[in-house]
Amino acid sequence: MSVPSPSSPASLTFVGTATTLLRLGRFTLLTDPNFLHRGQRAYLGKGLWSRRLREPALGVDRLPPLSAVVLSHLHGDHFDRVARRGLDRGVPVVTTPHAARRLGRWGFDAHGLGTWERRTLHDGDEELTVEALPAVHARGAMGRLLPPVMGSLLVHRVAGGITRRVVLSGDTLTGDHLDEIRRRHPDVDVAVVHLGGTRVLLHTVTMDGVQGLDYLRRVAPARAVPVHHDDYGVFRSPLRDFIAEVERAGLRDVVDVVERGATVPL
C-alpha cells in the first residue's frame with residue numbers, strides 16, 4: 001500500500017473498517033485503529049462478537065510516526081487488542097470521555113472531549129484542532145447498551161489560515177443532531193462517512209445507504225469518502241447501496257470511493 005509522504009499537503013489512506021491515515025500538513029493522524037486480521041473476531045460488548053472478513057491494508061507495526069489518534073468510540077472494530085498492544089502509548093488519543101477513562105487505565109495518553117469541546121495540536125506555524133461532534137450510535141434501549149460515540153471536526157491551519165476542514169462522522173445514525181454541525185460548520189471540505197448499516201440485536205447502529213445520503217444532505221460536505229462498509233459480518237448494507245442512493249440523488253460526483261490500501265488527496 002502507499003503511505004502519504006511528508007510533502008503531501010492533505011491526503012487520506014484507507015486501511016480498512018474506519019481506520020485511515022490522514023495527513024494534514026505536518027500532522028499525521030490515525031483514526032479508529034482496527035488491525036485484527038481476517039478471520040479474527042472483534043468484541044462488540046454484551047457477549048457479542050463479529051468475525052473480520054477483510055485483511056487490513058496495513059499492520060500496526062508499519063505505521064508512520066503519528067501526531068495523534070482520533071477514536072470515535074471504544075468498540076472492538078474501532079480499537080482492538082492488536083492496537084492496544086502495538087500502538088505507542090505516548091501518542092495522544094483524542095476520544096470520548098468514556099473511552100479516555102479506559103485508555104488511561106491501559107497507560108495511553110488519552111484526552112476525552114465532550115460534544116463541541118476541542119483539543120489543539122501545534123507544530124511550528126501549523127495547528128490542528130480536533131472538535132468533538134454529536135453522534136448517535138443507537139436510540140432507545142440499544143443506545144444505552146452501546147458505548148458513547150463522537151464525530152470529529154479536524155481543522156488544519158497554517159499561520160492562522162484554514163487549509164482544510166475534515167469531518168469524521170463516527171458510528172452515528174442520521175438525524176436532527178447533524179443539523180447543528182451544518183449550522184456551526186457550513187464549509188466542510190471532506191466528510192469521512194461511516195456506513196455499513198451495522199445490525200446488532202435486530203437494531204441498525206450505523207448508517208446504511210439511505211441514511212448515508214441523508215447525512216450528505218444534512219452536513220453538505222464538498223466531498224465525501226465512504227468507509228466502514230465491508231469488513232465484518234454485522235455490516236449489512238454494502239457500499240453499492242450508498243452509491244446507488246447518491247447516484248439517484250445526483251450526488252455521485254461528491255463521493256470518492258477509496259480502495260483499501262489506496263491514498264487520495266483531500
Side-chain angles (χ1 to χ4, degrees), residues 1-35 56-74 78-80 83-84 86-96 99-100 103 108-113 117-124 126-133 135 149-158 162-171 185 188-194 221 223-228 256 258 260-266:
M1 67 169 292
S2 57
V3 175
S5 68
S7 61
S8 303
S11 63
L12 177 149
T13 300
F14 181 41
V15 178
T17 321
T19 309
T20 69
L21 279 170
L22 294 173
R23 190 176 297 280
L24 298 169
R26 295 192 183 110
F27 300 96
T28 301
L29 306 179
L30 176 70
T31 67
D32 291 308
N34 179 208
F35 295 104
L58 181 70
V60 70
D61 57 339
R62 293 182 56 207
L63 291 172
L66 299 174
S67 306
V69 176
V70 180
L71 175 64
S72 63
H73 66 306
L74 197 57
H78 291 257
F79 193 99
D80 59 35
R84 180 178 173 181
L87 287 177
D88 181 352
R89 282 168 162 73
V91 173
V93 182
V94 183
T95 186
T96 65
L103 292 170
F108 286 91
D109 179 21
H111 305 269
L113 298 182
E117 291 183 344
R118 301 174 182 175
R119 183 168 183 85
T120 301
L121 308 173
H122 298 273
D123 189 335
E126 296 189 26
E127 68 176 40
L128 182 74
T129 299
V130 182
E131 179 177 345
L133 302 179
V149 64
M150 73 178 194
S152 303
L153 173 70
L154 312 176
V155 180
H156 177 245
R157 294 177 173 86
V158 177
I162 294 175
T163 69
R164 291 292 189 286
R165 300 174 182 88
V166 179
V167 163
L168 312 174
S169 74
D171 274 15
H185 303 293
V188 173
D189 297 301
V190 182
V192 181
V193 185
H194 296 198
R223 294 168 60 205
V225 178
V227 298
H228 194 275
D256 288 335
V258 184
R260 185 180 310 262
T263 298
V264 293
L266 297 181

Is there a donor-acceptor contact under 3.5 Å linking the side chains of [X] and [Y]?
| X | Y | result |
| --- | --- | --- |
| Thr129 | Arg118 | no |
| His156 | Glu127 | no |
| Thr20 | Thr31 | yes |

Is the shortest heavy-atom distance from the side chain of [X] to the side chain of [Y] under 4.5 Å?
| X | Y | result |
| --- | --- | --- |
| Val167 | Val192 | no |
| Leu266 | Asp189 | no |
| Val69 | Asp32 | no |
| Thr163 | Pro9 | no |
| Ser72 | Thr95 | no |
| His78 | His73 | yes |
| Leu154 | Leu22 | yes |
| His228 | Asp171 | yes |

Do you know the tightest heavy-atom contact between [X] and [Y]?
| X | Y | value |
| --- | --- | --- |
| Pro226 | Ala224 | CD-O, 3.9 Å |
| Phe35 | Leu58 | CD2-O, 3.2 Å |
| Thr28 | Pro64 | CG2-CG, 4.2 Å |
| Ser67 | Pro92 | O-CG, 3.4 Å |
| Pro265 | Arg223 | O-NH2, 3.0 Å |
| Gly86 | Val60 | C-CG2, 3.9 Å |

Does any N or O in the side chain of [X] come within less than 3.5 Å of the main-chain N or O of [Y], such that one atom is a donor and the other an acceptor?
| X | Y | result |
| --- | --- | --- |
| Asp80 | Ala83 | yes |
| Arg165 | Pro221 | no |
| Glu126 | Arg26 | yes |

Test log, rule side-chain contact (heavy atoms from CB on, under 4.5 Å), inputs Leu103 and Leu71:
CA-CA 11 Å; Leu103 292 170; Leu71 175 64; 3.8 Å; yes
Nearest-0.5 Å distance, CG of residue Leu66 to CG of residue Leu87:
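The CG atom of Leu87 is 7.5 Å from CG of Leu66, to the nearest 0.5 Å.
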From Leu63 atom CG to Leu21 atom CG, the distance as rounded to the nearest 0.5 Å
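Rounded to the nearest 0.5 Å, the CG-CG separation comes to 6.0 Å.
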His111 and Val93: CA distance, side-chain angles, deciding distance, side-chain contact (heavy atoms from CB on, under 4.5 Å) verdict:
CA-CA 6 Å; His111 305 269; Val93 182; over 6 Å; no
Between Phe108 and Phe79, is the gap from one ring center to the other below 6.0 Å?
yes
side-chain contact (heavy atoms from CB on, under 4.5 Å), that's the test. Do Leu113 and Val94 meet it? Break it down for me.
CA-CA 7 Å; Leu113 298 182; Val94 183; 3.4 Å; yes
Could you go through the side-chain contact (heavy atoms from CB on, under 4.5 Å) check for Val166 and Leu153 one step at a time?
CA-CA 6 Å; Val166 179; Leu153 173 70; over 6 Å; no
Test side-chain contact (heavy atoms from CB on, under 4.5 Å) applied to His194 and Thr17, Val149, Val227, the passing residue
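Passing option: Val227.
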